[in-house]
Each structure stands twice: as structure tokens, then as C-alpha cells.
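All remarks here apply to the structure that follows.
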Amino acid sequence: MPEILSYVNILKQTDIFYKLTPTQLELVGQICQEKTFQTGEIIVHEGSNTDDLYIIVSGEVDVLVNPALVSDHPGAEYASISIATLRRGQSFGEISLVDRGIRTATVRAIQNKTRVLIIPREKLMLLCDTYPQLGYRLMQNLATDLALKMRSTDLRIRAEVLYGKTQK
């Protein structure tokens, strides 16, 4: 039970769990798993078929994309590009959580002892089905989070197109 209370404290500081009740947060906390990663360790691989949601407890991660996906030179080797750095309280994995598609980016720990909560999609969807108010609030928060990320990406694309440089 102390573990779950710790998870609840982390969840209530996370945007996608905004306005969930203490009871709802406890239900989510019960399905969380915690894992620690070292610097350079890959948490999620671009193109993989996983659909869990991740919440950063401590440390930092880089979100990396491989430019070969949109390259004019098939088979050419490219280094992955960091498109975002995420920190405590931020989440990743929302897109695959929603559409069950492949991962759109690689996520790599950039600090030793980066701790994340892993929330399995199947268990989270069961909670949403069982408790519709929790599901409604969570989906509303996920939509808001994804919209903010899309707007940020749109601004980066505009900066790249207009000025030839991307701001991090």
C-alpha cells in the first residue's frame, strides 16, 4: 500500500491525470509498475508494437526520431534526432495507448536512475470501462495533452521551414 500512495502522489502531479479524484488516482496507482533506467538505456523503441503509457517519476528522457522514415534516399543511414526532452511528471506513449499503432519515436534515458511508472494499456482501458467518469476525464486529458504536443510540433515544423533551424 505505501507503494500505491507514492504512485498516487506522482500521478496527481501529471497533466493526464488532472482532476481525477483521490479514489480514481488510487485505482490507477494499483495498476502501475515502476522501472529504473540508466543513462543511454532505451525505454521504448520506435516502430515497436507496445502500447503502455509511461510517466516519468524522476530523471530525464530524450524522445528520438529516425529521419530515414521520410528520407529521399531509401536505405541510407541516419542518426536519430532528439525532438524533445521530458522530465518528472511528463508522460509518453499516449499515441500508441490511443490507437494501438507502432511507436512513433524511441525514448532513451539521459540520466542515471531515471524512474518511470508503466501503466499497461489493457488494465487502464478496463478501469476506463469499469469507471466511465475516470475514463471520460482521462480521455479528455489525453486529448488535451496530445493537442499541446501537436501544436508544439507544428511550431517546430514552421520554424524549420521558415528559418531552417529547429528549437528544442
Could you check if a side-chain atom of [X] sits within less than 4.5 angstrom of a side-chain atom of [Y], using non-hydrogen atoms only?
X: F92; Y: L86; answer: yes
X: T106; Y: S80; answer: no
X: I119; Y: I31; answer: yes
X: C128; Y: L134; answer: yes
X: L138; Y: F17; answer: yes
X: Q133; Y: Q24; answer: yes
X: P120; Y: Q33; answer: yes

Q: In sequence, state the C-alpha distance, the side-chain angles, and the governing distance for T130 and L27, and then conclude on side chain to side chain contact (heavy atoms under 4.5 Å, CB included).
A: CA-CA 11 Å; T130 306; L27 289 168; over 6 Å; no

Between [atom1] of [X] and [atom2] of [Y], what distance do you get to the nearest 0.5 Å?
X: I56; Y: Q111; atom1: CD1; atom2: CD; result: 10.0 Å
X: T114; Y: E60; atom1: OG1; atom2: CD; result: 7.5 Å
X: M150; Y: I95; atom1: CE; atom2: CD1; result: 8.0 Å
X: M125; Y: R100; atom1: CE; atom2: CZ; result: 9.0 Å
X: M139; Y: I16; atom1: CE; atom2: CD1; result: 9.0 Å
X: I42; Y: R108; atom1: CD1; atom2: CZ; result: 6.0 Å

Is there a donor-acceptor contact under 3.5 Å from the side chain of [X] to the main chain of [Y]?
X: R103; Y: T50; value: yes
X: E94; Y: D145; value: no
X: Q13; Y: I10; value: no

Between [X] and [Y], is there shared hydrophobic-cluster membership here, with clusters defined by ILVMFWY side-chain heavy atoms closer than 4.5 Å?
X: L64; Y: V116; result: no
X: Y18; Y: L11; result: no
X: L53; Y: L127; result: yes
X: Y54; Y: I83; result: yes

[X] to [Y] - nearest heavy-atom pair and separation:
X: S96; Y: G101; answer: OG-O, 3.1 Å
X: Y7; Y: G29; answer: CD1-O, 3.4 Å
X: V61; Y: A109; answer: CG1-CA, 4.2 Å
X: T85; Y: S82; answer: OG1-OG, 4.5 Å
X: T14; Y: G89; answer: CG2-O, 3.2 Å

Q: Assess the side chains of R137 and Q140: does a donor N or O sit below 3.5 Å from an acceptor N or O?
A: yes

Q.
What I want to check is whether the side chains of T39 and N112 have a donor and an acceptor closer together than 3.5 Å.
A. yes

Q: Check the pair D15, T144 against side chain to side chain contact (heavy atoms under 4.5 Å, CB included), reporting the backbone distance first and the verdict last.
A: CA-CA 9 Å; D15 289 343; T144 300; over 6 Å; no

Q) With L97, which of D52, D51, L142 fulfils side-chain contact (heavy atoms from CB on, under 4.5 Å)? A) L142

